[in-house]
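Order of the sequence lines sets the chain letters (A, B, ...), proteins ahead of strands, with each chain counted from 1. These values consider heavy atoms only, across backbone and side chains, with no hydrogens, waters or symmetry-generated copies.
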Amino acid sequence: MKLLLWSWNVNGLRAALNKGFIEIIQKEQPDILGIQETKLQEHQIPEELNTLNEYLIYWSHSLRKGYSGTGLFTKLLPLSFSTGFGNPEFDNEGRINIAEYTEFIFFNIYFPNGQKDDERLNYKLRFYDRCLEVMEEKRTSGKIILVGGDFNTAHHPIDLANPKENEKTSGFLPIERAWLDKIAEMGWIDTFRYFDKSPEQYTWWSYRTKARPRNVGWRLDYFWVNKEGIEHIKKAGIRQDIEGSDHCPVFVELEI
DNA sequence: CGTAATACG
């Protein structure tokens with residue numbers, strides 16, 4: 001069975017719905033879709049989503065209004081669904097969906113942005129470390145572990161348009177990049193780079209500078225998989241043709 | 001500049 005998994009930071013689901021979200025999902029038909037930055041509270045879940053009646057939908061909302069939030073749309077019934085790492089400080093911002101299936105476990109994560117101040121950068125780094133612990137715990141199950149989402153860090157100079165200028169910007173700091181180095185060393189694989197070594201493959205473009213038409217972007221959105229699972233990944237890619245957010249969707253095809 | 005509520009990305 002071949003499954004199509006998507007990750008997409010929608011930058012406000014209600015805004016994305018006004019930009020064709022439903023039509024895109026109906027056309028592309030991912031089997032499992034993780035979204036980030038829903039910016040919803042429980043009572044704000046849009047009714048139009050009922051038209052996507054082939055999906056079960058799970059949510060994790062932030063305690064803070066209009067902020068963060070993640071959602072999982074799935075055609076397959078998961079064995080379990082969780083919204084946290086087991087730590088209130090990481091679980092209260094609606095950043096975590098973990099869905100376990102028979103053959104694999106899917107993490108849909110909206111990693112923190114570290115640009116506001118040092119406290120948030122520190123939070124991002126601690127969130128990274130705790131996430132890796134949970135990834136490694138789940139790895140002991142022997143299942144394929146897929147970690148998708150907005151990681152908020154470009155790994156290598158090839159992963160952003162202006163690496164030199166951004167060496168001191170959160171999102172491309174050495175200490176943030178070092179965590180991606182670490183997971184790679186521990187046997188986790190960036191599925192997109194595994195298949196595609198080409199430059200200019202970005203997933204986010206700033207609205208402020210109208211960066212997208214000029215492709216001045218960053219690759220912040222990923223699917224990582226444990227090396228034991230890579231043989232099941234038949235394809236990985238980026239859908240730069242799809243609009244509706246300042247991020248574009250990324251995907252993998254999983255054969256199980 | 002954009003989203004959703006006055007801050008954050």
Quiz item: Can you check the A:Glu119 CD to B:dC8 C1' distance for me, whole Å?
Solution: 14 Å
Practice problem: Report the nucleotide, chosen from B:dA4, B:dG2, B:dG9, that has the shortest atom-to-atom distance to any side-chain atom of A:Arg95. | Solution: B:dG9
Quiz item: Taking OP1 and OP2 of B:dT3, is either one under 4.0 Å from a side-chain nitrogen or oxygen of A:Lys65?
Solution: no
Quiz item: For DNA chain B, whose closest nucleotide is more 5', that of A:Tyr207 or that of A:Asn152?
Solution: A:Tyr207
Exercise. For A:Lys39, report the nucleic acid contact type (base, sugar-phosphate, nothing); a contact means any heavy atom under 4.0 Å.
Key: base
Quiz item: Say you pick atom C1' in B:dA4 and the same atom in B:dG9; how far apart are they, in whole Å?
Solution: 12 Å
Quiz item: If you measure from the Lys or Arg side-chain nitrogens to the Asp or Glu carboxylate oxygens, is any gap between A:Lys2 and A:Glu253 under 4.0 Å?
Solution: yes
Quiz item: To the nearest angstrom, how far is A:Tyr67 atom OH from B:dC8 atom C1'?
Solution: 7 Å
Self-check item: A:Gln36 CD - B:dG9 P separation (whole Å)
Solution: 14 Å
Quiz item: Under 4.0 Å between a side-chain N/O of A:Gln41 and OP1 or OP2 of B:dA5, yes or no?
Solution: yes
Quiz item: In whole angstroms, how far is the P atom of B:dG2 from the CD atom of A:Glu243?
Solution: 13 Å
Practice problem: Return the nearest nucleotide to the side chain of A:Glu37; candidates are B:dG9, B:dG2, B:dA5. | Solution: B:dG9
Quiz prompt | From B:dA5, B:dG9, B:dT3, nucleotide with atom closest to A:Asn11 side chain | solution = B:dT3
Self-check item: Atom-to-atom span, CZ of A:Arg208 to P of B:dC8 - whole angstrom
Solution: 13 Å
Quiz item: How close or far is atom P of B:dC1 from atom NE2 of A:His247, stated in whole angstroms?
Solution: 19 Å
Quiz prompt | Presence of salt bridge, A:Lys124 and A:Glu176, under 4.0 angstrom | solution = yes
Quiz item: When you measure from the side chain of A:Arg64, which nucleotide among B:dA4, B:dA7, B:dT3 comes out closest?
Solution: B:dA7
Quiz prompt | Nucleotide B:dA7, atom C1' - distance to NZ of A:Lys116 in whole Å | solution = 8 Å
Quiz item: When you look at NZ of A:Lys143, are more than 12 heavy atoms from neighbouring residues, nucleotides or ligands closer to it than 6.0 Å?
Solution: yes
Quiz item: Just one of A:Glu119, A:Arg120, A:Arg126 clears the side chain to side chain donor-acceptor pair (under 3.5 Å) bar with A:Asn122, so which one?
Solution: A:Arg126
Self-check item: Donor-acceptor under 3.5 Å (A:Lys197 side chain, A:Arg193 main chain)
Solution: yes
Quiz item: A:Leu13 near the nucleic acid: base, sugar-phosphate alone, or nothing, with a heavy-atom cut-off under 4.0 Å?
Solution: sugar-phosphate
Quiz item: How many Å lie between OH on A:Tyr110 and C1' on B:dT3, as a whole number?
Solution: 11 Å
